[in-house]
Amino acid sequence: MYELARKALKLAEKAGAEEAEIYYAANHSTGVNFRKDALENAKDRFSEGIGIRAIVNGAVGFASTNSAAQIEDAVEVAVAEARVRESDPDWVSLPSNGKYPTVSGIFDKKVETLELESCIEYALALIEGTKEVPGTLPTSGGFTRSKGKQLILNTNGIEIEEESTAISGFVDVITVNGQASTAYDFGISRSLDIDFFALGKNAAELAMKSNGGIKIEPQKTDVVFHPFAISDIIEEALAPSLDADNVQKGRSGLIDKVGEELAVPELSIYDDGLIEAGIETSASDDEGVPSQRTTVIGKGVLETYLYDSYTAGKAGVKSTGNSSRFSYTSPPSVGLRNVIVDYPQTDVIADTQSGIFVNTVIGAHTANSISGDFSVEARNAFTIKDGALDKPIKSLMISGNAFELLKQISGAGFDVRKVGGIITPSIRVSDMSVIG
């Protein structure tokens, strides 16, 4: 791998690149899916390839290949593209050599060596969990194991290699008697520490509890968002405005807001590439900048946007280590690492006299990422009465604004969940508009 990457780097310099970067990634995933209560398929997927960035006179060219025999051609394409593109006055340079932190909990040998039979057993455990609750059936779900390796080299001295593993499972459940109701549960981890039987059981119990929902009148009330629900809203309605590229292109609702009080003073939000066993934890970001913990909102005040090397150079600041890639086939762009929502925790349901609890939302992806406006459909929602969940709600729409929401947070639970890269407890927001 090193030999191939170094060869590509030398080829790029020989072809005339003033700077060059090689991004190698290899991934192997095993997925076992089921429909209803029967296994549907099991698939192994492999991907491996190299992405090349070449810079000539401030212009960036990019090419990729999954064939070692075509490395030379891919390098020539990247350099040729850089030669024909106009110089970018905002280009500064690729990252330079840095000292890398030690991170832990992102690789589990047991996950790496997991056999297909074991993957099937974990998928079956999801199904078996649902059978603990009579009157429900799983409709779909699955288990996935993945292991990956990446290597980043550039002509400025960057050289970082890392391996990681992950497992995940999800299950959708429906009730089979009376009015149908559905629910799902989901888990993801770097190691084999998920109770998949419990995930199945939790989803089935939630579907049963959601049966026989009532209608409610339109109103403004306290809404407690489960980590699944609030993480969707944060990712779709708030995070795009923290992306420095969106800020620089005028596509953010937070332009010129650094230093302003955006949220209640009890709230802090961190972007952390170092947290132990985080799904987005690694020693560096996807262009080799050392990972770090960044306070995005500190005690209610917006402290910074999130930068990769390009946007940081354009703004004249230091990268926050937020370069991200979908795969070796795409050049880097700004992305989230582990986003941690921090607010003083209590038994938030017990502390709510009247309101609504929402497990999940549908439609957060339709949020206006510039204005922060969102309108979502709630799933598995319940009324809260005298500090306890009361009755299920048949249907519910919730509308609001992500920036206003930050000023209306009034509580958080003990139930911190890892929802992909977002780590958050349940969050209570006051004075939300809901329509039953």
Student: Got a sec, which residues hit ring-ring contact (aromatic ring centres under 6.0 Å, His included) with Phe143, two or more places apart in sequence or on another chain?
Tutor: Tyr122, Phe196

Student: Once side-chain hydrogen bond (donor to acceptor under 3.5 Å, both in side chains) is applied, what residue pairs with a partner in residues 69-88 remain, sequence neighbours excluded?
Tutor: Asp88-Tyr310

Student: Taking only residues two or more places apart in sequence or in another chain, which ones pass salt bridge (Lys or Arg N to Asp or Glu O under 4.0 Å) with Arg379?
Tutor: none

Student: Check this for me, if you would: do Arg417 and Asp185 make a salt bridge, where the nitrogen-to-carboxylate-oxygen distance has to be below 4.0 angstrom?
Tutor: yes

Student: Glu377: what forms a salt bridge (Lys or Arg N to Asp or Glu O under 4.0 Å) with it, not counting sequence neighbours?
Tutor: none

Student: Using the test side chain to side chain donor-acceptor pair (under 3.5 Å), find all partners of Asp271 that sit at least two apart in sequence or belong to another chain.
Tutor: Asn322

Student: Just jot down the side chain to side chain donor-acceptor pair (under 3.5 Å) partners of Ser309, sequence neighbours excluded, or say none.
Tutor: Glu287

Student: Which residue pairs pass the ring pair (Phe, Tyr, Trp, His ring centres under 6.0 Å) test when at least one of the two sits in residues 396-419, sequence neighbours left out?
Tutor: none

Student: Taking salt bridge (Lys or Arg N to Asp or Glu O under 4.0 Å) as the definition, give me every residue that meets it alongside Arg45, ordered by chain and number, with sequence neighbours left out.
Tutor: none

Student: Under the ring-ring contact (aromatic ring centres under 6.0 Å, His included) test, which residues partner Phe107, sequence neighbours left out?
Tutor: none

Student: Can you pull the salt bridge (charged side-chain N to carboxylate O under 4.0 Å, His left out) pairs that have at least one residue in residues 299-314, sequence neighbours excluded?
Tutor: Asp90-Lys314

Student: What residue pairs, at least two apart or across chains, pass salt bridge (charged side-chain N to carboxylate O under 4.0 Å, His left out) with a residue in residues 322-332?
Tutor: Glu21-Arg325

Student: Listed by chain and number, what are the salt bridge (Lys or Arg N to Asp or Glu O under 4.0 Å) partners of Glu112, not counting sequence neighbours?
Tutor: Lys109

